[in-house]
Visitor: 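Submitted below is the structure of interest, expressed as structure tokens.
Lettering follows sequence order; numbering is per chain, from 1.
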Number of protein chains: 2
Amino acid sequence: MENEAINDLLKRNQLSVTDSRKKILDLFLKNSGALAHSDIEKKAGERFDRVTVYRTLQTFVEKGIIHTIPTADNAVLYALCKDECSSGHHYDNHVHFVCDNCNVTYCLDEVVTPEVKLPKAFKPKVIEVVVSGLCENCN
Amino acid sequence: MENEAINDLLKRNQLSVTDSRKKILDLFLKNSGALAHSDIEKKAGERFDRVTVYRTLQTFVEKGIIHTIPTADNAVLYALCKDECSSGHHYDNHVHFVCDNCNVTYCLDEVVTPEVKLPKAFKPKVIEVVVSGLCENCN
DNA sequence: TAAGCAGTTGCAACAAAGTTGCATAATTTT
DNA sequence: AAAATTATGCAACTTTGTTGCAACTGCTTA
């Protein structure tokens, strides 16, 4: 079932289908929120080698399978990309939401980043928006 | 001259006026852009102890003298707050701009963060906007 | 389906970033 | 100017991230 989807996703990105990659991808699929490196490393049941986790996440980012989320406290977070992300180029124009209470980070894919009017001399390329507050569950 | 201003700022925040604090504050005043921890630690001329830099920055953030800036590559950046920031509470509703070319980070104090429409269930408190692209000098 | 190749993993060793306790030194208070 | 308070810097440590290399796994093709 989902196994098929995972295999497909990996193959579509010219990645060999390995245990670690399947397990890490599975974690993302089963988690609605974003994951920190440490979440993955310590994830119940299986322990992955630190180096493998670093390299897997890096590979996934390069292939456009996941993207990083900047946070105010500078923890590195990762979340699945929508299909539109292509290799090395993230169309990451959605808003991220961090809950102050439960600390979960959401990708609000349906909320598009607003326009920002800058001084003329600045040429914007990417706009990152991170909102914090109370999420749907903690409200 | 500026020395007065620095002393005042520290005293106003109930901080004793020490060499390290004066020098680090001075760096911020002389730099239009944001500073990374390492910028401060290695700053030409003077070398500060790593621990002192960590503790000084932490104190300044707590007092509302400086604020942190979230970045895409998760480097920790600090910049001076406008006067409105009070102890422990940052009114940090301006846009940050990171130049892809010269890598300088600007606080665009005059650019106010736009409204973002979230799903009803989410209650926003703080909105962080980080724009990257080409700055006024690299344009 | 077995052999061989390329890509992936995990270990070890290292480098960088950040933290803590404590004795010393500097500021502030009286 | 001495006492009290606060900040500094060292040492030792923890956490986080990186690199090289040998062993292994998944992929290809014959």
Visitor: Using modelled atom types and a 3.5 Å cut-off, is there a donor and acceptor pairing between side-chain atoms of A:Asp39 and backbone atoms of A:Ala36?
Guide: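 Yes: the side chain of A:Asp39 pairs with the backbone of A:Ala36.
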Visitor: Let's go through A:His96 and A:Tyr106 carefully: what are the C-alpha distance in whole Å and the side-chain angles of both, what is the deciding distance for ring-ring contact (aromatic ring centres under 6.0 Å, His included) to 0.1 Å, and is it a yes or a no?
Guide: CA-CA 6 Å; A:His96 292 111; A:Tyr106 300 84; over 10 Å; no
Visitor: Given atom NZ of A:Lys23 and atom P of C:dT8, what is their separation to the nearest angstrom?
Guide: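 One finds 17 Å between P of C:dT8 and NZ of A:Lys23, rounded.
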Visitor: Nucleotide by nucleotide, 5' to 3', does protein get under 4.0 Å of the base (B), only the sugar-phosphate (S), or neither (-) in nucleotides 13-20 of chain C, counting heavy atoms?
Guide: ----SBBB
Visitor: Might you list the N or O atoms of the protein lying below 3.5 Å from N or O atoms in nucleotides 22-25 of chain D, with each pair's distance?
Guide:
none

Visitor: With heavy atoms under 4.0 Å as the rule, sort B:Thr59 into base, sugar-phosphate or nothing.
Guide: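 It contacts nothing in the nucleic acid.
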Visitor: D:dA7 C1' sits how many Å from B:Lys22 NZ, rounded?
Guide: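 It works out to 14 Å between those atoms.
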Visitor: What is the distance, rounded to the nearest whole Å, between atom CG of A:Leu57 and atom P of D:dG17?
Guide: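 Distance check: A:Leu57 CG to D:dG17 P gives 10 Å.
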Visitor: Is there a side-chain contact between A:Cys81 and A:Ile65 in this structure, where contact means two heavy atoms from C-beta onward sitting under 4.5 Å apart?
Guide: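 No, too far: nothing below the 4.5 Å cut-off.
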Visitor: Over how many whole Å does the gap from B:Gln14 atom CD to D:dT5 atom P extend?
Guide: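 Taking CD of B:Gln14 and P of D:dT5, I get 17 Å after rounding.
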Visitor: State whether the side chain of B:Asn139 and the backbone N or O of A:Ala121 hold a donor-acceptor pair below 3.5 Å, judged by distance alone.
Guide: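 Yes; at least one donor-acceptor contact below 3.5 Å.
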Visitor: Five pairs at each end of the helix from C:dT1-D:dA30 to C:dT30-D:dA1: take the axis at both ends and give me the angle between them to 10°.
Guide: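 The angle separating the two end axes equals 40°.
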Visitor: Can you find a side chain N or O atom of A:Ser16 that sits less than 4.0 Å from OP1 or OP2 on C:dG7?
Guide: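 No, outside the criterion.
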Visitor: Rounded to whole angstroms, how far apart are CD1 on B:Ile24 and P on D:dT8?
Guide: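 It works out to 8 Å between those atoms.
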Visitor: Is it true that, when you exclude B:Glu110 itself, more than 12 heavy atoms of the residues, nucleotides or ligands shown sit nearer than 6.0 Å to its CD?
Guide: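 Correct, the count exceeds 12.
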Visitor: Check B:Leu118 against B:Pro124 and note the closest heavy-atom contact, atom names and distance.
Guide: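 Minimum heavy-atom contact is CD1-CB, 3.7 Å.
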Visitor: For B:Ser16, does its backbone N or O pair with a side-chain atom of B:Arg21 as donor and acceptor, under 3.5 Å?
Guide: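 Present.
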Visitor: Between C1' on D:dT16 and OH on A:Tyr78, what's the gap in Å once rounded to a whole number?
Guide: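 Between C1' of D:dT16 and OH of A:Tyr78: 11 Å.
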Visitor: Minimum heavy-atom separation for B:Cys135 and B:Cys102, please, with both atom names.
Guide: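 So the minimum-distance heavy-atom pair works out to SG-SG, 3.8 Å.
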Visitor: Taking the side chain of B:Arg21 as heavy atoms from C-beta outward, which of D:dT8, D:dA7, D:dC10 is closest to it?
Guide: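 Looking only at side-chain atoms, B:Arg21 lies closest to D:dA7.
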Visitor: C:dG10 P sits how many Å from A:Phe48 CZ, rounded?
Guide: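 Roughly 9 Å, once rounded to whole Å.
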Visitor: Does A:Asp26 pair with A:Lys22 as a salt bridge, N-O distance under 4.0 Å?
Guide: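 A:Lys22 and A:Asp26: not salt-bridged.
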Visitor: Distance from A:Cys107 atom SG to A:Tyr78 atom OH, nearest 0.5 Å?
Guide: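 Atom-to-atom, A:Cys107:SG and A:Tyr78:OH are 13.5 Å apart.
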Visitor: Which heavy atom of A:Ala34 sits nearest a heavy atom of A:Leu77, and at what distance?
Guide: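 Taking every non-hydrogen atom into account, CB-CB, 4.2 Å.
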Visitor: Measure NZ/A:Lys63 against C1'/C:dG7 and give the value in whole Å, please.
Guide: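 Distance check: A:Lys63 NZ to C:dG7 C1' gives 12 Å.
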